[in-house]
Each structure stands twice: as structure tokens, then as C-alpha cells.
Amino acid sequence: MQVLVAVAWPYVNGDIHVGHLAGYLLPADIFARFKRLHGHEVLMVSGSDCHGTPITVQADKEGISPREVVEKYHKLDLELFRLYDLSYNIYTKTNTENHRRVVQELFLDLLKNNYIVKDTMKQYYSMEDGKFLPDRYVEGTCPHCSAKEQRSDQCEACGRWLSDGELINPISKLTKSKVELKDTEHYFLDFKKFEKKLSSYLESRKKIWKKWVLAEAEGWLREGLEKRAITRDLDWGIELPIEEIEKLPKEKHLSNFKGKRIYVWFEAVIGYLSGAIEWSLRVNGQLSGGEQDIIFNFDKGQKKGWKEYWLNKTAKHYYFMGQDNLVFHTLMWPVQLMGTGKGYNLPTDVVVNKFMNYENKKFSKSRGWTIDSARIAKRYGVDLVRYYIIANLPENKEGNFTWKGFTDAVNNELVANLGNFVHRSLSFIQSRFNAKVPEGKLENEVKFEIRAAFCDCEELFEKVKLVEALERLFRLVAFANRYFDKKAVWKVVKEDEKEAENILYNCVQIIAALRVLLSPFLPGTSEKISAMLGQANVVCKVEEDNWRMEEVKAGTSLGKIDVLFEKLDFELVEREREKMK
RNA sequence: CGCGGGGUGGAGCAGUGGUAGCUCGCUAGGCUCAUAACCUGGAGGUCGUUGGUUCGAUUCCAACCCCCGCAACCA
């Protein structure tokens, strides 16, 4: 079966922090890894969102061009994703030729199908700059509280909402020159025409989506969706396919196409489709070049066509994103797909996560309240960070990253439970049994526990309940430590060597199960365990279900035994925290 | 009456119309193979407030109080 793992496209205007990892990057990676292990064909697709005001704002701030901003941060993001071992099949960008083409085609489909309409709206226009300005670039005095230098949509000082034209003495943030409201014509996506279809779409996903995600989407729909502008007056963005539009009847033309670009909200999500197409072109050798600028992977046994994922009705689509993206993926993106009339697959599940806070406060780049994801991974190890974030994923309510929580989780769960069990078992074999897996038979009790762990975790994975899946697998670790204690090998070995061998054989098989169960969450740790067991790494192959324990045979020579995780010194971490502030 | 979520032992969370559970923390004991790691037991809660339905409500209903997210181009 084909599974599209669609990961939200991050703006490339700054660092990816821990909140991004928790919100969608790690959940998507873990889910994709599980699916591959299970023998499914996975296409994990994403890329950098290169357009939109956040990019131009950052460019202004740094005194460089938007293109340079994109290049700079795209490169940094790629490095980070490689560091965290995120298993994209393709991670590309929205400023590629391929993406432009796919976006323009989709736009034309909707225009031809009469789902895109024209309308006029008012926007601030700067005479001096000779162009329209996004709200972000306009400031003035609040008519309610007289606070100066407020934005045109809401006053931060008194919190009141402003409508167009209310702001007193609006000026351009760039040139400080006067701006005035002026009519401008745009294309709009007409959501009204989709209300019925959307509501039956939501109905069909009732059992799959998280309750609050569905409730939120239904709330929006109930309120009624207005038509929404899909073009802007900008010079950074994807151009309209003017030549093609002009071939259509006159009433579909704007009176003036000059300075119109496709709005980023409409265009970026199309990346899920264009990214799949790019992947397909590269796999088939129809596109090459720029390999150092993307992440590209072809899994063993995977079919090569993007249509297998997008038009094959049995394919499943899972989307991962932060809560700010909920409306775009539960309502707008489905409309864009439906409107083409081409039968593209709609999202099966839209996995939305809440945000993660940092020491009880929102992450904030501007206030410096943030954690450098690359730095903590290098300092403490990728898997320690992956573990703590996963254990605290904001699946249903806001999460929290605290240094106390981090050290506690590492010391009590990773070191004391998982690490300890693996180490006490294997080092025992090393010192008493010459580092060879002893003879034994899998006891029923152990067999049952292992099976139950695989079974329960699988069920939780299918529902994308990743925190619970992780917790469940740690219950097997707890069982393992209990088993080790109850059996008291260290005593038995003095009286009955055969029985001691049997106990340790069983422990080895539990570890063998753990390396598989852990591999979606902590791939690095899984590899370490494999090496210690003298095994090759866990394999993923299409149509081969490797979500199961594979026996490690008696007589197998163990690799070098080492501790899996080092204990963290809270004092040192505290100091780190001071530095990071 | 904008939309949505939430108030449960010190902290973070599950949960159900019928004597309230988990993880961490705290505490007593056991063990000594293991990174002072592991195992067993214990203390600690009138399940936001008020009213209603019921033989019985933490769970269902109503009102109220409080907290949070979204409605902005903030993950």
C-alpha cells in the first residue's frame, strides 16, 4: 500500500527550533519510519516554503534579497534535518521550475472550472514606492488608544481590531512615505461552492481525525467560508500563467495583471503534489541537478510514479502540521484538490499538533526565548532530544520543554530503564558467558509480552498516537527489568548454569524486540543495540513486514558492549540553560 | 452570546453512571547482575463552583467562575 507522508513546509526565514520538531517534523518522521518497517511504500514529502512576506521581512532585516534569504536558511534547515535523521524521500523548495509549473496548472484548472472568481478589494498603496503594500509594511496611529506605530490590522497596545482605513496617518514602514487605500483587483477562490462537499468530506473522516481537529474544522465550516483572495500585489512569489489565462474568455481576465503574484497560502500546499512529481521525475531520470540542495531518497522496492500516490484510490495520505495550519489542510487544501476535478486523493488524516512551550513560555525568536535545535542535538545526542520531545509531543494540549523535564526523562527513563536493562543483560553475558548468546528457549510469558507490545504499538501507530506508542514500548522495558529481578540470574548462575543461560537467552530476545520497536523513534539507538547484539540494522523493505521480533540465535557473538546513554548532570544542564537564555 | 479546548493527589496527565488510575516526585523495605541503576510496599485527591436528573454523579444536563489556543503572513 502507498502512504504519502506530507510534512508541513516550513518558511525559510530563520532557525528551526524545538517547537517545529515537536509540532510536525518528528511525528512525521516517526510515522513514516513505522510505515516503512511495516512494508508499506512511503513517500515522505516536504520542502522549504520560499515565498510570502515572512521571507521579504527577513530579507529587509538582513539587508539582502529574498532569494539570498531562501538560500541561506534552506541550507541551514537541510543540515538540521540531516542531523536529526529525518527520513524524507524528498525535501525540496517552492522556488523550483517544477513547482511553478504545477501551481500554475492547478490554478488554471480551478479557473476553468469556475471556482476562481474576480473581485476588487481595498489595499494600502504607496505613491512613492509605486506599489501596494502588505499590511505588515504599513503602520500608523491607533484610532482607539492613540498608540503610535501600530499595524493596520490590530493595535498591539489596546488589542482592538482595526478595519481598513481606520488607522490614522498610515505610512509605509519602508520609506515612511504616505500610503492610501486604493482599489485593487484580485482572483478569489470561491469556497461557497464547496460547503456541501466539504461537510460530507469531514463526515467521512469523523472516525479518523482527532476529535478536536474535527470540531475545529466543523466550527469553521459552520461559520461559513467566504471567498478568499489567492493573488497579491507583490514582486516575490509565483507569477500568474498570464499567457494561458489570456487564451480563456475575456471575463476571466483581470483588467491588469501587472504586479500580481499567487498568494503563498494557495501555492505552498501545492508542494505536496509538486514535490511528489519532482521525486518521480528524479527517480525516472527525467530531472537532475541541484542534488546538493535537496534531500532525495528512493526506498528499496518502491514504485516510481507519483500517480501511485496521488491517483491510486487505495493510497493513504497523512499530513503533519502545527495548529496554525489546521484550516489550510482540513478545508482549503481539500477544496483546491476537489476543484481540479482530476480525482486527486484527499487527506486521509490531518495530524495537527498544538505548540510546544519552552519553560512554560511560548518560543519566541525575537525575544531570544528559544533553543538551538542543532546545538542541543550535538551537545546531548540526537536520540536523547528526540526521546524527550516525543515523550512530550503536544498531541492534544500544549507541550512544554523544560531542562528539568529533559534531565529527568533521560536519567529515569532512558538510562535507568532502557539503558540499564540492555546493559545489565549484555554485560552479564559478556562476563559469564564469553560474550556469546547462550542457549535457551523463549518462555511463554516473555513471548506473550513481546507479542503484546508489537500488537499494541501497531494499533497506536495506526491511530497516530505516538506518545502512547512510546509509553507502551517502555512498558515492555519495565517488564524486562521485573523479569530480570524475579529470575535473579546473578544467584541462579551459581547453582544452575543451564537455567541462567535460559534466562539470559530470553533477555536477549527482549532486546531484539526492543531494537525494532524503538527504531521509528530512536533510529540511532536501535542501530547501537543491533551492533551490540551482533546483528545488522533493522531492515525496511516494501511488502515485507519487519514489524516483529527476529530471534537472535544462540551462539551469536555479541559486539562491543557499551552503555546506551550517559546520565546527565542536572547542575551542568542548568548552567547550559543559563547560557541559552 | 465568534470558533475550539481544558479545570482530577506536590508536578504532568489517563479515565469511567456504582468503592478514583498512570508516570515523575516523596517515603519505608528488598536486592546487589547493572550507569546508586533495579524490584516490592506506603503516604498523599470531598475529580473548578452551584443546582438538577438518578437508588447512586468525578462521569449525564443546566448555569456560573477560571485558564489556554485560534480568529493576524507567529510552528
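A note on names: the letters A, B, ... follow the listed sequences, proteins ahead of strands, and every chain is numbered from 1. These numbers were taken from a predicted model, which means no experiment stands behind them.
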I need the residues from [range] with at least one non-hydrogen atom less than 4.0 Å from RNA chain B; give them sorted by number, or say none.
range: residues 18-27 of chain A; value: G19(A), H20(A)
range: residues 490-501 of chain A; value: W490(A), K491(A)
range: residues 264-272 of chain A; value: none

ask   = Under the side chain to side chain contact (heavy atoms under 4.5 Å, CB included) test, which residues partner V493(A), sequence neighbours left out?
value = F428(A), R432(A), F433(A), A500(A)
ask   = Among all residues two or more places apart in sequence or in another chain, which pass the side chain to side chain contact (heavy atoms under 4.5 Å, CB included) test with P170(A)?
value = Y124(A), V138(A), L167(A), V179(A)
message = Between M321(A) and F428(A), which residue's closest nucleotide on RNA chain B lies nearer the 5′ terminus?
response = F428(A)
message = By nearest heavy atom, map E413(A) and E223(A) onto RNA chain B; which one lands nearer the 5' end?
response = E223(A)
ask   = Is V489(A) touching bases, backbone alone, or none of the nucleic acid, heavy atoms closer than 4.0 Å?
value = nothing
ask   = Reckon R475(A) touches a base, only the sugar-phosphate, or nothing at all at heavy-atom distances under 4.0 Å?
value = nothing
message = My understanding is that only one of F474(A), Y388(A), F461(A) makes a ring pair (Phe, Tyr, Trp, His ring centres under 6.0 Å) with F521(A); could you say which?
response = F461(A)
query = Which letter, B, S or -, goes with each nucleotide of nucleotides 4-17 of chain B from 5' to 3', with contact meaning a protein heavy atom under 4.0 Å?
reply = S--------SS---
In whole Å, what separates the [atom1] atom of [N] from that of [M]?
N: U49(B); M: C65(B); atom1: C1'; value: 7 Å
N: G69(B); M: A57(B); atom1: P; value: 36 Å
N: G44(B); M: U27(B); atom1: C1'; value: 11 Å

note = Dot-bracket assigned to RNA chain B with the 3.5 Å Watson-Crick/G-U criterion, [ ] for crossing and | for other-strand pairs, is .((((((..((((....[..)))).(((((.......))))).....(((((..]....))))))))))).....
request  = Kindly write out the residues that satisfy ring pair (Phe, Tyr, Trp, His ring centres under 6.0 Å) with Y24(A), not counting sequence neighbours, or none if the list is empty.
outcome  = none
ask   = For F421(A), what residues pass the ring pair (Phe, Tyr, Trp, His ring centres under 6.0 Å) criterion, not counting sequence neighbours?
value = none
query = Taking the six-membered ring where the residue is Trp, are the ring centres of W9(A) and Y11(A) under 6.0 Å apart?
reply = no
task = Would you mind listing every side chain to side chain donor-acceptor pair (under 3.5 Å) that reaches into residues 211-226 of chain A, with sequence neighbours excluded?
result = W212(A)-N396(A)
Show which side-chain atoms of residues 327-336 of chain A pair as donor or acceptor with protein atoms under 3.5 Å away, not counting sequence neighbours.
residue : atom : partner : partner atom : Å
H329(A) : ND1  : N325(A) : O            : 3.0
H329(A) : NE2  : Y272(A) : OH           : 2.7
T330(A) : OG1  : L326(A) : O            : 2.8
W333(A) : NE1  : Y319(A) : OH           : 2.9
Q336(A) : NE2  : F266(A) : O            : 2.8

message = According to salt bridge (charged side-chain N to carboxylate O under 4.0 Å, His left out), does anything in residues 493-504 of chain A pair up with another residue at least two apart or in another chain? List the pairs.
response = K498(A)-E501(A)
